J.: 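Structure below; questions to follow.
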There are 2 protein chains.
Amino acid sequence: MPKRALIIANGEPPKKQHLCELIREAGFIICADGGANTALKFGVTPNAIVGDLDSIHAEALVKFHHVPTFEDRDDETTDLEKCIRWAIQSKYDHLTVVGATGRRLDHTVGNLGVLAKFYPDAVVRFVDDLGELCYVGRGLVFDSEKGNVVSLIPLNRCEGVTTHGLKYALEGEMLQLGAREGTSNVVISSPVRITVKKGDLVVFKLFE
Amino acid sequence: MPKRALIIANGEPPKKQHLCELIREAGFIICADGGANTALKFGVTPNAIVGDLDSIHAEALVKFHHVPTFEDRDDETTDLEKCIRWAIQSKYDHLTVVGATGRRLDHTVGNLGVLAKFYPDAVVRFVDDLGELCYVGRGLVFDSEKGNVVSLIPLNRCEGVTTHGLKYALEGEMLQLGAREGTSNVVISSPVRITVKKGDLVVFKLFE
C-alpha cells in the first residue's frame, strides 16, 4: 500500500479548492518551512513542519505551536529536500508537492532535480494549477484522456526514449534541453507508456 | 556595436514599469505570436510580429494591422524560437526576452534550452520581475553588488565549472540537475567570473 503525504513548499500555492482536494487525497500534511505560512493563509493545519525554519512567520509559529516541528540546519539541502528526507524516514513513499514551482525561476528549476534525486525511495510529483510533473524513471505508464497535452522534459541527456500512445511518437530517441525537447505532445491512446534507457526524464501532464 | 531587440513572448509579462524600462533599453520590439496580446494590453506597439499566429487575438491583429507580420508555420519550433531566428536574420544579436517563463512549467523549462541553442549567434537573456537568466557559454563576466544572489543552473552535465567572486566558490567542479546544483550563491566581490569547460550552464541573477 502506498503511504501518501502532501508537502506544502514555499513557492506559489494552487487555488484553495485544488489544494483541499490534494489534502483529502493525501491525508497527511507536511509543511516545508515557509510552506506553513501558506497553510495558515488557507486555514489548513499541518501534521508536521520541517526545515531550517528561517522562512516561517512568527504568526504561523504561534498558531502551529502544537504541530511537531523538526528543525534541520543542513546547509547543503533545500527545505523541500529536508522535508522529503523526513517523509521517507517516516515511511511516506508517495509524495505530492505543491508550491515547488512558480516563483523564483532558479528554485523552480533547482527543484526539478529533486524528482530524480529521491527516486525510487519516494515517488514524488509536483502539482500546480496548470498541471503535474512526474519522474519517469526507467518507465512510466499512466491513463489519460485522448487529446490531453503531455510534455517530456529531459533533466540531462536522455537516451533510448520510447513512447506509446502519444501523437509524436519517439522510438529509442535522444532528448536533451537545448538540443531536442519533447514539449506539447498529445495523447492519442491510453494508457500512455514511456520508457527510457538512460538519463533522467520528467513528464508534465497539462490539466484540461 | 550590439544591436538590441526586445522579444515579448506569450508567458507571464513583467510589471508595466519594468517592461517600459526594457523597451527603452532595447528600442526595437518583436512580439512572438500571442505576445502581441500582451503588447496590446500594455499599450505598446511592436515593430514586428513573428510566429505561427495561432495565439494572437483578433483584437490585436486589427489594432496592429500596420505592423509587419511574419507568419512561420514550422512545426518543429516554438514561436519564441521563430522569433529569435527572425531577429538573428534581421541582424539583432542582443535579445532580451520577457514572457518566456512563469506560466506553463513545460514551456518555461523548454525555453531554457533556447538560451543555449542560439548562442553565439545571439546573446539571449530572459527577464522577469524577480530576476534575469543568461547563458554562460564557456565564460561570463558581469558586475554585481556584494550580497546579490546568483544561481547556477546546469541544463546538462557541466564539467570544469569555476567561479570567482561567489561565496560558495567552485573550482573545476561538476554541476548537473538532480545531482549537484548551484542554487542561491552570493556575490562577495565584483566582477563575478564564471567559466565552464563542457556543458550548458545558465546563470540566474536575482534582482534586489
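Reminder, nothing fancy here: chain letters follow the sequence lines and each chain counts from 1. These figures come from a predicted structure and were not determined experimentally.
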J.: Check whether L112(A) gets within reach of chain B through its side chain, its backbone, both or neither, counting any heavy atom under 4.5 Å.
T.: side chain

J.: Are there residues of residues 31-39 of chain B that reach to under 4.5 Å of chain A by heavy atoms, and which ones?
T.: none

J.: More than 12 non-hydrogen atoms from neighbouring residues, nucleotides or ligands closer than 6.0 Å to CD on E21(A), yes or no?
T.: yes

J.: Please say whether more than 12 non-hydrogen atoms of neighbouring residues, nucleotides or ligands are located less than 6.0 Å from NZ in K167(B).
T.: no

J.: Given heavy-atom pairs under 4.5 angstrom as the criterion, report whether the side chain, backbone, both or neither of I153(A) touches chain B.
T.: side chain

J.: Measure L152(A) against the heavy atoms of chain B and call it side chain, backbone, both or neither at under 4.5 Å.
T.: neither

J.: Are any non-hydrogen side-chain atoms of L130(B) and L105(A) less than 4.5 angstrom apart?
T.: no

J.: Below 4.5 Å from any heavy atom of chain A, which atoms of L115(B) appear? Answer side chain, backbone, both or neither.
T.: neither

J.: Can you tell which part of V149(B) gets under 4.5 Å to a heavy atom of chain A, answering side chain, backbone, both or neither?
T.: side chain

J.: Who in residues 184-202 of chain B is close to chain A, using a strict under-4.5 Å heavy-atom cut-off?
T.: S184(B)

J.: Crowded around E208(B) CD? As in, over 12 foreign heavy atoms under 6.0 Å?
T.: yes

J.: Is any side-chain heavy atom of R157(A) less than 4.5 Å from a side-chain heavy atom of N156(B)?
T.: no

J.: Between R104(A) and S151(B), is there a side-chain heavy-atom distance shorter than 4.5 Å?
T.: yes

J.: Please determine whether the number of non-hydrogen atoms from other residues, nucleotides or ligands lying under 6.0 Å from atom CD of E59(A) exceeds 12.
T.: no

J.: To the nearest 0.5 Å, what is the distance between OG1 on T108(A) and CZ on F204(B)?
T.: 9.0 Å

J.: Tell me, for T78(A) versus chain B, whether the close heavy atoms (under 4.5 Å) come from the side chain, the backbone, both or neither.
T.: neither

